[in-house]
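We name chains A, B, ... by the order of the sequence lines, and we start the count at 1 in each one.
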Amino acid sequence: MILNRTRSLRRILMLSSLACVVFCGIALVHIYMVVPADDGYVNSDIQLARIDFKQPLETEEFDRIEGFVRSQHGVTQTYFNKNDRILVYAFHNSQQNSADVFRALSQNTPFKAERFIPSQESMKNGCPVGGERSASLFRRTGKFLHKIFG
Amino acid sequence: MKHSALLAFCLGFALAIGACKKEETTVTPTPASLYDRVGGTAMVNDMSNPGTMIEKGRLTLRSVVDSSIFVIAADPKMQPYFPTLLGEVTKGDLTGFAKLSKNFTDFMCVATGSKNYTYGGLNMKAAHDPAINKRIPMKISNADFDAFVGDIGTGLAKNGVTSANNAQLVTDLVALLNTTRADIVQK
Ligand code: HEM
């Protein structure tokens, strides 16, 4: 009786540790696949943001806005879709954030603009691997795995 | 006698081979691949990754892809197709963005004829099928495919290649993108 119980306990233990190993293996392979290998992107903390302008703009006003945003600390690149009055810019998210850029623009220029924020629903989508910022545990694990496996 | 027969045989054999060889050298050279035409395998410094070298062809294609991502991000017609990516980027999670940028560049390298890179993403049909790729919420229409190619044209122009200064390259790249239309347009 006792022998039987120890035996089934041992079996349960063995099965659960096997399940653990398989689960961890799958998780690591998934993280490895989701976190991309280095190609100038992994190390980068470049983020994109968008501002929509709600009023017609003259050529020099486009230039003034684009010039202002490009001069903000950490901003690396800008692109203005003049037909739709949509400005997209890239910035180092370790040095700058889109809320501050938008605030500075609103305080220093008179144009009616809106910071583009995707719907709550799309913000919920996506895989947790990679986490919020580049320092997340998942991301570091992914980079470590790439270092080993290339 | 035996020797001269052997000599004659060897001479004949050598002449025959020589003749064949001559014929081989007149084969017309294969035209340069699109990858060669955008820079090819010459190694250059990778400015965005100091201290590393990169093939010039890949660097060109990567710049075009990165510029095009800007144009696409500023195109309201494209916005409904990229909710997952836009949501992630706004949260500060750049994994999907980096992956798309890398996969698109890999795809373009392979499609233009690079031998040293491989594409590891989904095939074009699966990548643009909402039933398989959960990152795309709906099927793509012909008109939106055209708009997307137009955005890549703007990305090319941002890198100094336009129909005005290099019509052939623009035509050939657009023709290459168009070869994926049947797989990508599923509406
Ligand atoms: C013109 C030819 C096109 C090519 C060569 C192309 C190529 C690609 C590649 C390589 C991927 C990544 C697949 C992966 O990571 O497994 C991708 C994903 C995607 N493509 Fe395309 N594509 C094209 C046209 C389009 C068009 C016309 C649209 C929409 C209008 C579109 C929307 C998307 C979306 C939403 C994704 C997923 C993005 C994400 O990861 O969040 N593509 N495409």
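- The 12-atom threshold is exceeded at NZ of B:Lys187, counting heavy atoms of other residues, nucleotides or ligands nearer than 6.0 Å.
- The two residues B:Lys158 and A:Thr78 make their nearest non-hydrogen contact at NZ-O, 3.6 Å.
- For A:Tyr89, the part lying under 4.5 angstrom from a heavy atom of chain B is the backbone only.
- Within a 6.0 Å radius of NZ in B:Lys125, no more than 12 heavy atoms belonging to other residues, nucleotides or ligands are found.
- For B:Leu94 against A:Asn93, the heavy-atom pair with the smallest separation is CD1-ND2, 3.7 Å.
- Listed here is the closest heavy atom pair of A:Ile86 and B:Ala74: CD1-O, 3.6 Å.
- Placement of B:Tyr35 and B:Leu176 within a single hydrophobic cluster is found when ILVMFWY residues are connected by side-chain heavy-atom separations under 4.5 Å, directly or transitively.
- A 6.0 Å sphere centred on CE of B:Met43 holds more than 12 heavy atoms belonging to other residues, nucleotides or ligands.
- Looking at B:Thr52, there are no atoms closer than 4.5 Å to chain A (heavy atoms on both sides), in backbone or side chain.
- A single hydrophobic cluster is not seen to contain both A:Phe53 and A:Leu48; linkage of ILVMFWY side chains at heavy-atom distances under 4.5 Å, directly or through other members, places them apart.
- Closest of all the heavy-atom pairs between B:Asp75 and A:Asn81 is CA-ND2, 4.1 Å.
- Both B:Ile69 and B:Leu61 are assigned to one and the same hydrophobic cluster, defined by single-linkage of ILVMFWY side chains at heavy-atom distances under 4.5 Å.
- Taking every heavy atom of both residues into account, A:Ile46 and B:Phe97 meet most closely at O-CE2, 4.2 Å.
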